[in-house]
Every structure is written in structure tokens, then in C-alpha cells.
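Structure first, then comments.
First the proteins, then the strands, lettered A, B, ... as listed; each starts at 1.
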Amino acid sequence: MSAIIEVSGVSKSFGGVKANADISMTVAEGGITGLIGPNGSGKTTLFNSIVGYHPIDAGSIRFRSQEISRMLVPEIARLGLLRTFQQTRIYGAMNCVENMLISIPHRKLSLMDAFGRNTAEDHERALHMLEFVGLYEKRFLQSGSLSFGQQKLLEFAMALMNEPTVLLLDEPTAGINPTLINGLIDRLQRANSEFGITLFIIEHNMRVIMNMADKIYCLAHGQMLAEGRPDEIQDDQRVIDAYLGAH
Amino acid sequence: MDQIMSNLGLLFEFPIVNLKIILDGVMIGSLFALAAYGLALVWGVMNVKNLAQGDFVIAGGYVSWFLVKTEWLQSLLGVSDNFVILLGVLVAFVVMGAIGWVCYKLIITKVIERDLFTSLLATFGLAIMMAQIMNLLFGSDTQSLKLEYDTLYFADGLIDLPIAKLIGVCMAAGLALAVVLFMKTSRMGQAIRATAQDSRAARVLGIDTEKVYAFTFSLNAAICGAAGAIIVMVWVIQPFYGITYSVRAFVIVTAAGLGNLPGVIAAGLGIGAAEQYGSHIFGIGYQQAIAVLLLLIILIYKLLRQRRLRQVLQ
Amino acid sequence: MSDKEKKSRASGYHVGSVDTVISVEAVTEQAAAIAQKVETADLLALANNDPYLLISDLHAGYGRMEILHGINLAVGRKQSLCLIGPNGAGKSTILHAIFGFNNIFSGSIKVGSGEDKRDITSLSPQDKLREAGIAYILQDKSVFPGMTVEENLWMGGFLKDDPKHAKEAAERVFDKYSRLADRRKHLAKVLSGGERRLLEISRALVMDPEILLVDEPSIGLEPRFIDMVFEILRDLQEVEGKTIVMVEQNAKKGLEFADIGYVLVSGEVAIAGKGDDLLENPDVGRLFLGG
Amino acid sequence: MSAKKLVLYGTLLALTIAAPFLFPNFKTQLATLWLMIIVALSWDMTGGQMGYNSLGNIFFYGTGMYVAAVVTIGIVYDVGEYTQASGGGIYVWTWGQYFAGMALGTLAAGLFCALCAFLIGWITFGLRGPYFAIGTLGVAIAAGELVSNWEWVGGGQGISMPNYPGDFDQFKLVIYYLYAVLGVILFMFVAWLYQTRFGAAINAIRDDEGKAEAMGIHTLRYKLITWAMSAFFVGAAGAISAFQLIHFEPLETAYQTINLGIFMVVCVLLGGKGTLWGPVVGAVMFQVFKEATWNYFLGWQWVALGALIVVVVVFFQDGFMGWLRYKRPEWFGIRVESKDAATEGAS
Amino acid sequence: AADCDEIHLGSAISLTGKYATNGVHAKNGYEFAIKKIAENGGVKIGDKCYNFRVSYYDDESKGDRGATLAERLINQDGVQYMLGPYSSGLTKAIAPVTEKYQIPMVEAEGASRSLFNKGYKYLFAVLSTSEQYLASAITLAAEMATANGKDPSSVKVAVAVENDPFSLDIRAGVLEDAGKQGMKIVIDEKLPRDLSDMTAILTKVKLLKPDVLIVSGHSKGAATAVRQIGEQKISVPMVAITHCEAADVTGNFGEFAENILCSTQWAETLTYEDPIFGSAANYEKEFKAAYSEYASKKVPYQTAQASAAVYVFKDAFERAGSLDKEKVRDAIAATNLSTFYGDIKFSDSGNNIAKPMVLRQIQGGEYNVVAPSKFASHKLVWPRK
Ligand SMILES: Nc1ncnc2c1ncn2[C@@H]1O[C@H](COP(=O)(O)OP(=O)(O)OP(=O)(O)O)[C@@H](O)[C@H]1O
Ligand SMILES: Nc1ncnc2c1ncn2[C@@H]1O[C@H](COP(=O)(O)OP(=O)(O)OP(=O)(O)O)[C@@H](O)[C@H]1O
Ligand SMILES: [Mg+2]
Ligand SMILES: [Mg+2]
């Protein structure tokens with residue numbers, strides 16, 4: 001599998017705090033890559049650097065061999081790099097279908113298209129996606145009044161609707177009921193296999209990440225601590241010491 | 001164009017003028033800063049953007065003016081106008097504090113923690129009402145009070161420093177200092193700072209945020225009132241002048257950035273001086289335009305800086 | 001519970017399979033099916049018949065919308081209670097209601113031992129800590145980011161009559177947690193997630209409250225910190241004798257910790273039992289613990 | 001469109017056309033009403049639908065007035081000479097010149113304002129929330145002061161438009177219908193726009209711009225286009241005002257920041273932000289209230305107006321349409337889940 | 001007399017906004033004249049008598065509002081004759097409306113020349129046009145220069161006027177006259193509408209040392225100028241301003257106002273008189289008696305000219321002998337009247353060409369006429385301090 005995102009030698013510090021120091025890693029196209037590490041080890045910082053929320057101090061970030069470390073958030077998003085937020089972000093005043101329809105891939109629209117109406121096809125796809133994440137019943141409900149977990153699912157459906165190339169998920173299961181987590185993982189895996197969406201996931205929940213990822217990177221104190229397959233990581237003494245703790 | 005060149009020429013021909021301009025700028029700027037300081041407070045703590053800020057200032061001026069004009073205290077205490085004028089600052093502080101409290105209870109409490117426009121428009125309505133009520137009460141003439149003090153002259157009389165203005169500026173500085181100390185050391189000040197950062201967490205710790213809000217708003221009104229009382233003894237007031245102080249206050253707070261109280265003072269003095277320079281060079285008719293253009297330039301600068309940080313200004 | 005048993009328990013988020021996939025609707029339906037009529041007497045029994053915090057027939061919600069439909073709850077002194085349930089079941093809403101952050105339509109909340117219980121239903125949030133000794137650790141971030149760690153702790157003692165006492169209490173916290181003492185002069189916003197959580201918890205303790213309301217103490221924390229937070233809570237309950245009501249999505253961990261567990265579904269208490277019993281219950285395991 | 005709707009719209013249109021004949025003495029007030037509707041509807045395009053609350057839309061109104069004046073005067077005379085304070089001389093326009101000026105001036109005003117919106121937006125759309133509101137207010141204030149010092153267009157003297165070459169009653173009819181046509185076009189335009197993907201996209205920007213950006217929506221492009229469209233209509237309305245008022249001053253009339261500039265926002269809030277009919281309903285309510293107080297509360301009218309604003313903002317935060325939506329959600333296509341016990345149990 | 005019929009006049013006047021002070025002065029002038037005329041038997045047309053009644057609206061000192069209100073007065077209130085608003089700007093906004101409806105408007109407060117080059121047929125102004133306000137100060141300065149053995153072209157002039165039609169017209173008049181004398185304009189500034197500080201200008205005055213300082217900015221311009229000139233000890237040989245009386249500069253600023261020149265349309269010391277109001281001095285006295293708030297200050301000329309405007313209507317109605325609008329207009333156009341305010345005779349353009357402006361100097365707290373020489377009661381004190 002070829003690398004779709006290549007991070008090489010990226011450093012980022014805030015004032016005195018070195019959040020990322022000389023990080024290098026790759027995300028394989030079509031795979032599921034995991035990112036773990038203690039609190040404050042710089043995971044979210046790395047995500048933000050990739051999708052353009054702040055400038056990096058050194059290094060380079062490439063998407064399909066294109067340098068993106070100086071581009072702005074919307075420009076990067078238009079390349080098909082999509083992220084979800086730790087705190088869910090949906091358009092709360094609209095119902096689920098409207099939320100879905102806004103999420104059609106605008107980057108593929110010309111200005112003239114924007115002045116058109118949504119096609120029957122768009123509607124159908126929206127409903128299909130809602131069904132896929134199990135929100136079909138709630139499609140006309142104001143999305144703001146969905147429960148926390150359902151909002152996460154909706155956000156996930158919106159991301160799929162957007163037909164991203166890469167989906168970056170920041171702690172997708174935090175605060176979600178364990179049973180629901182299982183459903184979420186199932187759908188993520190199906191999105192990966194059925195739609196061919198590359199996934200890049202930050203998680204603290206080992207049950208999730210160990211069962212999903214092909215490859216896991218572990219950060220500590222802003223530095224790359226270890227990388228490898230889930231079983232390798234799980235038994236890596238450095239990871240156990242720095243992060244997992246004794247079992 | 002010729003005018004502008006010759007005005008610029010004056011600055012070099014008589015370098016001492018620069019000092020004079022800066023002095024004037026600092027004097028008026030210190031009062032802008034005071035009004036802006038209050039705005040920064042309510043904006044930061046309660047997220048209320050108070051468009052009636054300038055009208056509180058003017059109302060404070062009228063309180064002091066009225067106190068002197070009724071001659072009531074003079075005859076009661078047997079003191080001179082001069083003394084009553086100074087007392088007026090205190091009275092305006094107290095009276096406007098009370099008025100601010102009433103405004104809070106009637107209006108602001110209902111718009112707090114709502115979206116931006118709610119507070120902006122509610123206070124705009126308040127501003128209209130206040131200006132008009134002052135007009136009906138006191139008439140639309142410009143009013144002022146005069147302290148019977150001398151003027152100091154320097155540099156062949158080119159620089160004049162009315163002691164009255166000096167007193168006004170010192171009072172403004174004293175007031176600002178008192179407020180800063182109050183915020184740093186008193187319990188109420190601490191509660192205000194905590195509420196500003198996270199009101200829900202403050203409530204969890206047993207802080208009565210409603211009381212904090214009411215207090216903050218009336219403190220703001222009181223500061224404005226005192227500023228107005230100082231203004232009426234060195235400049236003039238008129239019922240409809242509020243908007244100029246509101247605009248200045250917003251310009252200053254926006255330029256300084258929220259939560260940056262020393263920055264507010266610096267920006268206030270800076271804008272005062274910049275306005276004086278601008279009106280010296282381009283003409284006094286451009287004074288307000290200069291203030292707002294300055295704001296735009298600052299915003300654009302911040303914007304470019306944010307863009308380099310791949311972020312937006314919000 | 002022997003020491004050995006304790007060791008063997010899950011650390012951080014437990015590890016396990018992810019095969020049980022049940023839709024949200026199905027969970028609600030099945031939960032309704034297994035829901036027993038939870039008798040008030042049973043609840044009282046769980047609280048050793050001497051509840052310190054007692055909620056009876058509480059109807060509460062946001063605005064005009066009712067979220068909680070007749071909640072009964074009882075916790076004894078020095079006991080801990082863990083609320084679990086699907087997202088949106090109303091767990092946080094119960095804590096909100098206890099603290100007075102939302103609208104209570106009917107029902108009562110009482111605090112106190114024995115007969116001299118105090119009705120605190122209509123007490124305003126800012127009086128909860130002073131008058132009823134209830135401290136609340138919020139679900140999301142609640143440190144004052146622009147204040148130093150030290151000042152944050154002092155704010156925790158805002159209600160003390162003399163600021164000196166607050167400072168003394170802060171020193172006691174520092175003595176206990178050197179992690180915080182190291183950073184006492186730092187602004188709270190630069191703390192890592194775990195340190196923040198620690199600060200929030202210890203700040204809540206400055207006033208020495210009787211009851212602690214804790215909303216999802218482990219959310220967003222790394223596995224080692226999760227263990228640490230639960231250690232702290234255990235210490236508070238067992239050594240300092242606090243009464244703890246907690247909400248936890250990391251349900252296994254929560255139920256292991258708590259003396260009593262309630263399962264909440266759609267604003268009603270569906271199942272109540274001893275924490276360990278609920279862990280054993282296969283239905284609970286399937287529907288709420290992820291198998 | 002359902003038959004019921006067709007009847008409603010037909011009736012309203014007929015009323016619009018007949019109004020100046022039904023109330024012949026109120027032509028000017030009716031024209032002003034249309035002006036308020038136009039500026040409110042166009043403010044709502046950015047403020048209500050896109051979440052960018054501009055306080056500086058009055059800039060386009062004033063600029064529209066001046067562009068119209070310069071064009072109309074410029075096609076016949078030398079502008080600088082015409083505006084000389086003591087120029088003397090009597091200037092006359094023929095029918096042809098007058099209407100050519102009117103047509104060209106209005107169009108030029110709209111286009112020029114749209115262009116300005118594009119340029120100003122390039123800068124100000126980097127600002128969010130209060131910064132945007134105050135930044136745009138700053139633009140309007142500064143523009144007013146600069147124009148009032150620009151002698152070529154008359155400076156503080158203001159500028160006079162040509163007098164209508166015909167009968168005065170006819171003039172007022174012309175003005176009324178110009179406004180009405182512009183207003184109806186604007187209404188139909190926004191009604192269509194809000195149905196398109198474009199409408200959905202600007203709604204998304206309002207609800208969560210960061211999210212919209214992260215989803216790859218061309219936010220800046222949509223923001224600029226929306227503001228330019230809104231500016232076009234405000235500018236054109238300003239042009240018509242210029243012809244209507246005949247003489248206007250820069251600060252008091254053209255760039256009247258704290259009057260019309262804020263009133264348009266008040267209208268929208270009164271009616272309900274972010275709804276199609278809200279601005280229209282709000283403008284009507286505002287205009288009626290204003291005329292009533294100006295008639296019956298002489299001297300206290302401003303106090304009454306201030307009180308109205310405060311009361312509306314404090315007690316009816318979602319405006320008239322918001323209130324209606326709350327009372328009659330089904331009219332707005334909101335489906336209330338009946339099986340959800342949580343909402344049913346509410347009282 | 002009380003049992004007379006009624007002639008309905010209308011006026012949009014500034015009761016709020018930046019012109020409110022003077023708007024109220026004008027309104028009081030209207031009302032006082034109406035009362036005096038009624039007391040003197042009213043307006044006699046044929047064998048019937050009439051009293052005036054005025055409908056007022058508040059134009060908020062805003063032109064667009066004024067125009068709307070004029071229309072309302074004409075259309076909805078059926079007013080056939082109009083009294084003017086306050087200020088040139090407002091008159092400019094209203095005149096097109098009255099002209100279109102062919103409603104005669106006699107106005108007393110709009111002095112800008114640009115009002116009278118539009119070919120208006122129904123607009124008449126009893127006051128002198130504004131370019132004359134301070135132009136005589138330039139003449140006076142030239143005279144002083146010559147008397148001191150200097151060439152008038154050596155005189156340096158500083159001008160600071162408000163950026164509104166009226167003051168800009170004053171500036172135009174001053175620049176024109178100064179240009180004729182070859183004088184040099186060293187400062188030429190416009191005051192903003194919410195002026196509260198003119199230190200910046202006065203600093204330049206100190207540096208450039210002009211021989212004449214001209215300030216015009218309605219009441220607040222006068223107040224600010226006098227106060228700051230005093231505070232900053234500006235020693236310019238000649239300072240000439242407008243609106244001294246309206247701002248009551250002697251009452252408010254005492255010795256600061258000393259030796260300042262004030263232009264006025266009218267002064268109570270002038271020797272004009274008429275049968276209704278008596279002499280100018282009598283007008284002042286009776287007006288003060290009727291409006292106690294003026295007791296301690298000068299009656300501003302804005303009031304006197306407002307009264308004169310009403311008087312022009314009375315005279316015209318009586319000469320027309322009819323209530324017919326056109327006849328009344330023609331009668332107004334043919335006015336040739338001596339009043340307490342001065343002679344009134346309209347040019348074809350509608351401005352009064354029979355009355356000069358006067359310049360008064362504040363001497364010992366009194367307003368003494370110093371120019372033109374025909375009316376001068378006192379000698380000019382020069383240089384000032
Ligand atoms: N905007 C910022 N300003 C200053 N410091 C920051 C900022 N953002 C992050 N940091 C610091 O950088 C470090 C890394 O933070 P980051 O959010 O990337 O951690 P993380 O790995 O995502 O942790 P968590 O698991 O708790 O979310 C932390 O020490 C944090 O305090
Ligand atoms: N401020 C609010 N206004 C209106 N409704 C709310 C509000 N907060 C929560 N709700 C609604 O109340 C219901 C219960 O919310 P609550 O936060 O108590 O759930 P929870 O059990 O804590 O879920 P989670 O595990 O996701 O935190 C949800 O349906 C939610 O949509
Ligand atoms: Mg993170
Ligand atoms: Mg919760």
C-alpha cells in the first residue's frame with residue numbers, strides 16, 4: 001500500500017512547550033492507521049498540523065506528494081482531507097437530512113452547480129447514509145436535539161456523504177456508550193472496506209484501536225515513541241511504561 | 001494636499017509641537033481609555049457589547065453639571081464651585097453606578113449569554129433612549145463646567161497645560177489604578193475574573209454570578225460616569241455626543257484585544273495621540289474617520305498575522 | 001474484596017472484543033424489556049436504609065422539555081453511586097438537577113442523615129456548596145484557564161470567610177499531590193488533560209464538601225490517568241468519607257468502583273443494584289458494557 | 001406552488017400595485033416602506049441567513065446615492081462645477097436625460113456597490129462575530145466622513161439631484177413603483193436563492209463556519225457573492241432614494257449610520273432573523289410603529305423607539321416569525337416526533 | 001383677536017438633533033409673532049380677520065425627514081403655506097417639495113446662497129444670505145491693516161467652519177472677499193459635526209499667527225471656540241464668529257468672550273421698528289417677558305427673524321386680500337416692508353436684499369455694533385488683547 005499522507009520531521013511548539021518534535025510517519029492509502037499516546041503528548045497537535053489549523057515550525061507534510069503544510073484549512077479540506085472534532089460539530093438548527101445535504105462534496109461543485117437545487121440522487125444518497133449509521137428514523141428531527149452519541153453518528157454520516165479521501169477522527173468514541181462504540185467501529189470498518197476511505201484515528205480506548213487499526217503510532221512527550229502492528233504495540237515495553245500502564 | 005504638506009512642515013519646523021500634540025492626545029486619550037476599560041470589563045466578563053457606553057459617559061457628565069448648576073451643595077456646605085466640581089466626579093460615579101444597576105436588572109440580565117446581536121441591539125435601544133431623555137431634560141446645548149484654575153505655559157506659551165485638565169487626567173489615572181487594584185486583590189474582583197473565564201465553573205464554586213454580573217455592569221456605568229464628570233470639567237458635553245465615546249471605546253477594545261486590560265489603556269492613549277496627529281496633519285474634520293481607519297488597519301494587521309498562523313480573527 | 005482481585009480488574013479502558021453490535025433503538029427497546037419495576041424500598045435497601053442524599057419522584061428537564069420522568073435515588077453516607085446508561089438517557093441531567101442547573105417540575109431532593117433531612121430542591125446553584133455541602137465536578141473543562149493553578153485552588157475556597165483558610169486548604173492539596181505543587185505558578189490552561197482533571201477534583205475538595213457529584217471523570221484521559229482518578233476517588237470515599245454520585249460511560253470501571261449502580265434509560269431508572277451485581281448481570285453486560 | 005399560496009401571493013401583488021391609488025396621500029410613506037423592506041431583506045441575506053451581522057450596510061445605501069447622483073449629473077454637466085457651493089446658474093434636465101440618468105444611475109449604483117462589497121468583503125470577512133459588525137460599522141463611518149470632505153461631490157454641502165421634469169404626483173408614483181419593482185424582484189430572488197444549494201451553504205456558514213470550512217465548502221466565495229448580491233440591492237435602493245430626496249447630505253442622509261443603518265437590523269429582528277418573510281413583516285411593523293410615534297409622541301418619539309427596540313430584543317428574541325414558528329411549527333414544515341415520549345410528556 | 005378664523009401654516013422644525021437649540025429659538029419666534037399679531041387684531045383679509053396656527057413636526061435635524069414631513073404637512077394636513085425649518089441644509093431638503101406643490105414658503109433660517117440659484121418661485125427668505133455673515137470682518141481687517149500702514153494683502157486669514165451647507169457658504173464668502181484683497185489663507189479647516197475640541201486648530205493658530213480667525217459652527221462651534229481661545233490664550237488681533245448670542249458666550253465664558261466679533265442678522269440696538277412689534281429694543285423686551293428662559297441672555301437673532309417671517313405672511317395676506325395661494329405668492333414676491341427686524345424686499349430669487357448684516361463686538365460683556373459704519377454705535381477695539 002502506498003502512503004497517502006507523509007509526515008516528515010514535523011516540529012511544533014507553543015511558547016516553551018514542544019508539542020511535536022521531529023515527528024515522521026505515514027498513513028497508508030486505504031488502510032486504518034491509529035495514533036495513541038498519553039494526554040498532552042501532541043496527538044491533536046499533529047492532527048491540527050495536517051489539516052491546517054496552525055503553522056508548523058519545521059518539517060513537511062505531504063498529501064499524495066503535494067506539500068500541504070502551508071495551505072489553509074478550506075484548501076486542505078477541498079483536497080478531500082476531512083476531520084471530525086473531539087467535540088461534535090453539526091448544524092444544530094437543521095434536521096438530519098438537511099445536515100446531510102449540506103455535506104455533499106462541495107469541492108466537486110462548480111459555482112453554477114451551487115445555484116442549482118439538490119438532485120433526487122443527492123436525497124437518495126443522504127437517506128441511504130442515514131440508514132447506514134442507523135439514524136433513518138430520526139431523519140426529520142432537529143439535529144441539535146439528538147443525544148451525544150447520535151450526534152457523533154450523524155457527524156460521521158456527514159463525513160461519509162462528503163466522499164472524503166482521508167478521514168481523520170479525533171477520539172471518535174470518547175463519551176460514547178460501550179455498546180454504541182461497537183456499532184461505530186463496525187461502521188467505520190465498513191466505510192473503510194466498502195467506500196475505500198482511508199482512516200486515521202486518535203484514540204485512548206484500547207478496545208477500539210487494537211481491534212481496528214492496521215498500524216499504530218504511539219507518541220510520548222511530543223516524540224514518536226513506537227510504531228507497529230497492534231499486537232506489537234501492545235507488548236512494547238516502552239508503550240506499556242509510558243502509556244498503557246501495567247495490566 | 002498643500003495644506004497637508006504645510007501641516008507636516010510645521011511638525012518639523014517647530015518640533016516642540018509634537019510634544020504638545022502628544023500631551024493633548026494623552027489627555028483626551030486617558031478618558032477614552034477609561035470608557036474603554038469599562039467596556040472591556042463588561043465585554044470580557046458578561047460578553048455584553050454595550051453600545052450605550054458613551055451615553056453613560058455623557059450622563060455622568062450631566063450628573064456633575066447638574067450638581068454644580070443647582071448651587072444646592074454650594075449653599076448647603078458653603079463651598080465653592082471648584083470643590084463641587086471635584087465632588088461631582090464622586091457623585092457621578094455613585095449615581096451612574098446606581099443607574100447601571102437598574103439598567104442591568106431591567107434589560108441586561110435578559111440579554112446576557114445570548115448571541116452577539118441581542119446585546120448590541122438592546123444596548124443600542126438603551127443608548128437612543130438615554131440620549132433622548134437627556135435631551136428632553138437638559139436641552140441640546142453643549143454644556144461645560146469651568147474649574148477656576150490657572151493654566152501653565154511652556155515653550156513661549158506654545159504648550160499650555162490647564163491645571164484643570166491635569167487634575168482631570170490625574171483623577172482618571174487614579175480611578176483606573178483603583179479599579180485594577182480592586183480587580184487584583186478584592187474578593188469581588190477575583191469573583192469577577194473567575195466568572196469571566198468560566199461562569200458555570202464559578203457557580204459550581206458557590207459564586208453568585210448574577211450578583212457578579214450586576215456588580216460588573218454597574219461598576220462599568222460608574223467608571224463611565226466618573227469619566228463623564230471629568231470630561232465636563234475640561235471639555236464639553238451634549239446629549240448626542242455619546243456615540244463618539246462609544247465608537248472610541250469599541251475601537252480601543254477591538255484594537256487591544258479582549259482580556260487585555262493594560263492593552264486597553266495603552267490603546268486608549270495611543271488612539272488619543274493618533275487622532276491628534278491625524279487632525280493636525282489632515283484636518284480636524286477627519287478625526288473620527290482617522291480613529292476608525294486606524295481600527296481597520298489594526299484589524300487588517302491582525303488578520304494578516306492570523307492568516308500566517310492559518311487562523312481567523314474571532 | 002481481596003487485594004489480588006482488585007489487581008486483576010480492568011485498568012483504564014478494559015480490553016475486549018467489539019463484536020456485539022446493537023443499534024440505539026434496539027438497546028432502548030431491549031432495555032425497556034428487561035427493566036424491572038424498581039421499588040423505592042429496594043433503592044433504600046441499597047443505601048442501607050439510611051440515605052444521605054434522597055431524590056423522590058423527580059421530574060426535571062430543560063426549558064419546557066421534560067427529560068427525567070420520575071426519578072428516585074438514594075445514596076447512603078460514605079457510599080458511592082454510579083449512573084450508567086445510553087447516551088442521552090439523562091444521566092448528566094440528574095446531576096444538573098441536583099445542583100440546580102435546570103428546571104425541576106416536581107419531586108424533591110433532600111440531603112441529611114436520619115430524620116433531619118433538608119429539602120434543597122429549590123436552592124440556587126451558588127448556594128449548593130455553602131448550604132448543602134455539595135460539590136460538582138463538571139463533565140467538560142472547568143478550570144479557570146487564565147488563572148494559575150494556585151489561584152484556581154484559592155477560588156475553590158471562595159466561600160470561606162477568611163481567604164487565609166482557603167490558602168491553607170490549597171497548601172494541604174499541594175502537600176498531597178506533588179504533581180500539582182510542581183506547577184502551582186503555571187496558568188491552568190497549559191496543564192495536560194489529566195492534570196486538569198486532578199486540579200478540578202482537588203479544587204472541589206477545598207471546601208470539604210459532604211457530597212461529590214462527578215460527571216464522567218475518565219473522559220478523554222489516558223489509561224494510567226483513569227486509574228489515578230479512580231484511586232483518588234476511592235481515597236476520598238474511603239478515607240475522607242465523602243458521598244459520591246458519579247456518571248461514567250466507561251461503565252465497567254465505574255461499576256467496579258461504585259457500591260451502587262443504576263442503569264438509566266430514557267429518563268427512568270431501569271435497573272438498580274450493587275455495582276458488582278450489575279457487572280455480573282448478562283443483560284447489562286450486553287446492552288451497556290459492550291459485551 | 002399550492003393554490004392557496006398562489007392566491008396569497010396574487011393578492012399581495014395586486015395590493016402592491018393598487019396601494020398608491022388606495023392611499024393616495026401616503027405615497028411617500030408607502031415608498032419608504034418598500035425601502036425598508038428592501039434594505040431589511042438584503043440585510044437578512046448576510047445577517048440572518050449567513051450569520052454575518054453587518055452594521056455597515058448603510059455604506060452601500062450612501063454609496064448608491066452618490067453613484068446615482070454622479071452618473072445622472074455627469075452625463076449632462078460637469079460634476080465639479082455643478083457642486084460648487086456658489087456656482088450660480090440653473091441646471092435643467094430633459095425627460096430623456098432624466099430617465100437615462102435614472103436607469104444608468106441605478107444600475108451603476110447597484111454594480112458599483114456590489115464591487116465594493118467584493119473588495120471590502122475580501123478584508124472584513126476575515127473577521128468574525130463582533131469584529132465583523134464593528135469593522136463594517138467602521139467602514140461606513142469612515143466612508144461618510146471621507147465623502148463629507150470630498151468637495152468634488154459637494155462635501156458637507158451635500159448634492160442636489162435634478163428635479164423631476166413632470167408633475168409631482170406622477171413623480172411619486174414613479175418612485176413608488178421603482179421601489180416596489182426592486183422589492184418584488186429582490187423578494188423573488190431571495191425566495192429562489194434560499195432553495196438552492198447556495199442557500200444551504202450560507203446557512204451552514206451561519207450555523208458553524210469552522211465546520212463548513214472543514215467540509216470543503218468554499219466559504220469565502222459564498223460570503224463574498226452573498227454580500228455583493230445584497231449590496232447590489234441596497235445600492236440600487238439608495239439610488240432610487242437619491243432621486244426621491246432630490247437633495248441629500250453625506251452624514252445626515254446618505255451615510256446615516258445610526259438611523260437607517262441600524263433600523264434595517266431592527267426591522268429584521270422584529271420580524272425574525274433568517275426567515276423569508278421575517279424582514280418583510282418586520283419592516284411593515286417597524287414602519288407603522290415609527291409613523292405612529294412620530295405622529296403622536298412628538299418629542300418622545302425617539303424614547304418610544306428606543307423602548308420598542310429594547311422590548312423586542314429582550315422579550316421577543318426570535319421576532320414575529322420566530323414567535324409564529326413556536327406557536328405554529330407545522331406551518332414551517334417542522335415535524336414533531338409524536339412517538340417520542342420525551343416531547344409528549346412536556347407541558 | 002380671539003374670534004377670528006384660522007389660517008393654517010405648517011413647519012418642520014428641529015426639536016431634536018444637532019440643530020435643536022436653534023430650532024427651538026426659531027419656533028419660539030414663530031409663536032411669539034403669532035401671538036403678537038393676534039393681539040393686534042389678527043390678519044385682516046377683506047372684512048374678515050384671521051389668526052395663524054402652525055402645525056409643527058420634528059425633523060430631527062435631518063434632511064430626508066424634513067422632506068417627508070413637508071409632504072405630510074401639505075398632503076395629509078392640508079397646509080397651504082409653510083414656514084421654514086432651521087438651517088440651510090434642511091431648507092434645501094424641503095424647498096424642492098414646497099416648490100413642486102407650489103406652496104409658498106417664507107423661511108427665516110436658511111441663509112445659504114445655493115438656495116437662491118435654483119430658480120425657486122415659492123421660496124422667500126427674510127434674512128441676508130450667509131456669504132455676507134463674516135465677509136465684513138475681512139473688510140474690517142483690511143481697513144485695520146491700511147490704518148496701520150500695512151498692505152491688506154499682508155493679512156493672514158485662518159478659517160475653521162463646520163462642514164455643513166450654511167457654514168461652508170460663510171467660508172465661501174470669506175474666501176471670496178479675502179481673495180479680492182489678496183490676503184493669504186493660512187488655515188482652512190472643517191469642523192466635524194460632533195465637535196468638542198478644537199485644540200488641534202488652535203495650536204496651528206499659535207504657530208502660524210494669523211491676523212484674522214474666522215469660526216462658524218452653530219452654537220456648539222461658538223461655545224467651543226470661545227472657551228478654548230480663552231483657555232489657550234490665543235492672541236489673534238481679530239476673531240470673528242457666528243452664533244454668539246445663541247450660544248450665550250458672554251454668559252457662559254465671561255471675559256474669554258471679550259472683544260470677539262460676532263456677526264448678526266439683527267440687533268436689538270438697531271433703529272428698526274414697525275407697528276406690531278414696535279422697535280427692535282421693544283421686541284427684545286416683550287419677547288423676554290413672554291419667554292422667561294431668555295431673561296438672562298440676549299434674544300438671538302434666529303428668534304427675531306422667525307417672527308419677521310410670520311410678519312411677512314401677515315402683510316402679504318392683507319395685501320393679496322385673498323386666501324388664494326397664487327395671489328398670496330405674488331403678494332409675498334412684491335413685499336416691501338419695514339419691520340423691527342429691518343427692511344424686507346425680495347429679489348427675483350427670493351432672498352432679502354434690503355437688509356445688511358451687522359457685526360458686533362463684545363465689549364465689557366456688551367454686544368456693541370461696530371460695523372457697518374452706518375449702524376456702528378461703538379468703535380472697534382483692535383487688536384484684541
Ligand atoms: N494552543 C496551544 N497553546 C499552548 N499550548 C498548547 C496549545 N495546544 C496544545 N498545547 C500543548 O501542547 C501539548 C500537546 O497537546 P495536544 O492537545 O496535542 O495533546 P493530545 O495528545 O491531543 O492530548 P489529549 O489526549 O489530552 O487530547 C500539551 O502540553 C498542550 O498543553
Ligand atoms: N441544555 C439542554 N437543552 C435542551 N436539551 C438538553 C440540554 N442538555 C441536554 N439535553 C437533552 O437532554 C437529554 C439528556 O441529556 P444528558 O446530557 O442528561 O444525557 P447523558 O445521559 O448525560 O448522555 P451522555 O452520556 O451522552 O452525556 C438529551 O436528549 C439531550 O438532548
Ligand atoms: Mg487531543
Ligand atoms: Mg452527560
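C/P163 places a side-chain heavy atom less than 4.5 Å from the side chain of B/R187. Taking the side chain as every heavy atom from C-beta outward, C/F101 and B/R203 approach each other to under 4.5 Å. Between C/E151 and B/R193, some side-chain heavy-atom pair lies under the 4.5 Å cut-off.
For the atom pair CD (B/E210) and CD (C/Q126), the distance works out to 8.5 Å, reported to the nearest 0.5 Å. Residue B/R200 holds its CZ atom at 5.0 Å from NE2 of C/H96, rounded to the nearest 0.5 Å. Between the CD1 atom of B/I207 and the CZ atom of C/F158 there is a distance of 5.0 Å, given to the nearest 0.5 Å.
Contact count versus chain B (heavy atoms, under 4.5 Å) is highest, among C/G156, C/P125, C/P145, for C/P145. Taking C/K128, C/E131, C/R203 one by one and counting their heavy-atom pairs under 4.5 Å with chain B, the maximum is reached by C/R203.
Only the side chain of C/L138 comes within contact range of chain B, judged by heavy atoms closer than 4.5 Å. Both the backbone and the side chain of B/A191 come within contact range of chain C, each with at least one heavy atom under 4.5 Å from a heavy atom of that chain.
Heavy atoms from other residues, nucleotides or ligands lying under 6.0 Å from NZ of C/K110 number 12 at most. No more than 12 heavy atoms of other residues, nucleotides or ligands lie within 6.0 Å of CG in C/D161, so this atom counts as exposed by the packing criterion. Applying the 6.0 Å contact sphere to CZ of B/F182 captures more than 12 heavy atoms from other residues, nucleotides or ligands. With a 6.0 Å radius and a threshold of 12 heavy atoms from other residues, nucleotides or ligands, B/K105 has its NZ atom above the threshold.
Here the shortest heavy-atom pairing between C/S142 and B/A201 reads O-CB, 3.2 Å. Smallest separation of non-hydrogen atoms from C/M147 and B/A194: CE-N, 3.6 Å. Of all heavy-atom pairs spanning C/F144 and B/L205, the tightest one is CE1-CD1, 3.7 Å.
C/D208 meets the salt bridge (Lys or Arg N to Asp or Glu O under 4.0 Å) test with C/K242; sequence neighbours excluded.
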